[in-house]
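Computed from heavy atoms alone, side chains included, the values below leave out hydrogens, waters and symmetry copies.
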Amino acid sequence: NSNIDFSYLVKKAIVLDAYTDLNTVTESGIYYLLNVATWGNAPNSKVTNCYLIVFGFGSTNRCTQIIFPGNDEFMYYRSKYTDNENWQKWKTIN
């Protein structure tokens, strides 16, 4: 359906526990990052009060994360590939 109500999806966001390492968030979904600058492997300390969209691809190591800003002016994204368990560096979307 091309008429997805994003506001409905945001209301269903999973609130991450403070101090969560973002490298461990690989299950597809929408997550909310509280107002604490303690997220492991975040792009910077401004990543608070924001949404994290995760596209995980089954049991493989493929995963993409997108952060929508709460206290920052930029969006960020990164991914990891099937043959590489390491995350790529965060990239900025202006």
Side-chain angles (χ1 to χ4, degrees):
N1 184 349
S2 62
N3 296 320
I4 294 175
D5 183 354
F6 190 73
S7 64
Y8 171 78
L9 295 175
V10 167
K11 291 175 188 172
K12 296 292 185 181
I14 299 166
V15 178
L16 290 179
D17 292 330
Y19 304 100
T20 297
D21 181 345
L22 298 184
N23 284 356
T24 65
V25 184
T26 59
E27 187 172 332
S28 293
I30 300 175
Y31 301 86
Y32 183 73
L33 284 69
L34 298 168
N35 186 24
V36 292
T38 56
W39 307 106
N41 292 297
N44 62 47
S45 63
K46 293 181 183 178
V47 176
T48 62
N49 291 327
C50 60
Y51 290 95
L52 170 68
I53 308 284
V54 176
F55 300 98
F57 300 98
S59 62
T60 68
N61 285 324
R62 287 188 224 174
C63 187
T64 298
Q65 295 179 332
I66 303 169
I67 293 179
F68 291 89
N71 290 328
D72 198 353
E73 61 184 309
F74 301 111
M75 290 177 21
Y76 300 93
Y77 72 96
R78 69 176 182 165
S79 62
K80 65 179 185 172
Y81 304 108
T82 302
D83 298 331
N84 184 354
E85 292 185 13
N86 297 322
W87 285 96
Q88 302 299 308
K89 292 181 182 179
W90 284 103
K91 295 169 186 67
T92 303
I93 304 171
N94 293 340

Original post:
Under a single-linkage definition using a 4.5 Å side-chain heavy-atom cutoff for Ile, Leu, Val, Met, Phe, Trp and Tyr, are Val47 and Val15 assigned to the same hydrophobic cluster?
Top reply: yes

Original post:
Which atom names give the shortest non-hydrogen contact between Gly70 and Cys50, and what distance separates them?
Top reply: N-CB, 3.5 Å

Original post:
Considering residues at least two apart in sequence or located in another chain, which fulfil the side-chain contact (heavy atoms from CB on, under 4.5 Å) criterion with Ile93?
Top reply: Met75, Tyr77

Original post:
Considering only heavy atoms from C-beta outward, does the side chain of Ile66 approach that of Tyr76 to under 4.5 Å?
Top reply: no

**OP:** Could you grab the distance from atom CD of Gln88 to atom NZ of Lys80, nearest 0.5 Å is fine?
**Re:** 11.0 Å

Original post:
Would Thr20 and Val25 count as a side chain to side chain contact (heavy atoms under 4.5 Å, CB included) if you check the C-alpha gap in whole Å, the side-chain angles of each, and the deciding distance to 0.1 Å?
Top reply: CA-CA 8 Å; Thr20 297; Val25 184; 3.8 Å; yes

**OP:** Ignoring hydrogens and angles, state whether a donor on the side chain of Asn23 or Arg78 is under 3.5 Å from an acceptor on the partner side chain.
**Re:** yes

Original post:
Which atom pair, heavy atoms only, marks the closest approach of Pro69 to Phe74?
Top reply: CB-O, 3.4 Å

**OP:** Kindly determine whether Asn44 and Asp72 satisfy side chain to side chain contact (heavy atoms under 4.5 Å, CB included), including the steps that lead there.
**Re:** CA-CA 9 Å; Asn44 62 47; Asp72 198 353; 3.2 Å; yes

Original post:
Rounded to the nearest 0.5 Å, how far does CD1 of Ile14 lie from CG of Leu52?
Top reply: 10.0 Å

Subject >> Backbone N/O of Phe55 and side chain of Thr64: donor-acceptor pair under 3.5 Å >> reply: no

Original post:
Going from NZ on Lys12 to CD1 on Ile30, what distance comes out if it is rounded to the nearest 0.5 angstrom?
Top reply: 11.5 Å

Original post:
Looking at side-chain heavy atoms only, is the closest gap between Leu34 and Tyr32 below 4.5 Å?
Top reply: yes

**OP:** Kindly indicate, with the supporting measurements, whether the criterion side chain to side chain contact (heavy atoms under 4.5 Å, CB included) is fulfilled by Tyr31 and Ile53.
**Re:** CA-CA 6 Å; Tyr31 301 86; Ile53 308 284; over 6 Å; no

**OP:** Could you tell me whether the side chain of Gln65 and the main chain of Leu22 form a donor-acceptor pair under 3.5 Å?
**Re:** yes

**OP:** Flag the pair Phe68 / Tyr51 as yes when their ring centroid distance falls below 6.0 Å, and as no otherwise.
**Re:** no

Original post:
What do the steps show when you test Thr26 against Trp87 for side chain to side chain contact (heavy atoms under 4.5 Å, CB included), and what is the final call?
Top reply: CA-CA 11 Å; Thr26 59; Trp87 285 96; 4.0 Å; yes

**OP:** Taking all non-hydrogen atoms of both residues into account, name the closest pair between Gly56 and Ser28 and its distance.
**Re:** N-OG, 2.8 Å

**OP:** Could you list the residues that satisfy side-chain contact (heavy atoms from CB on, under 4.5 Å) with Thr48, not counting sequence neighbours?
**Re:** Asn35, Ala37, Trp39, Asn71

**OP:** Considering non-hydrogen atoms only, spot the tightest contact between Asn41 and Asp21 and give its length.
**Re:** ND2-OD1, 2.6 Å

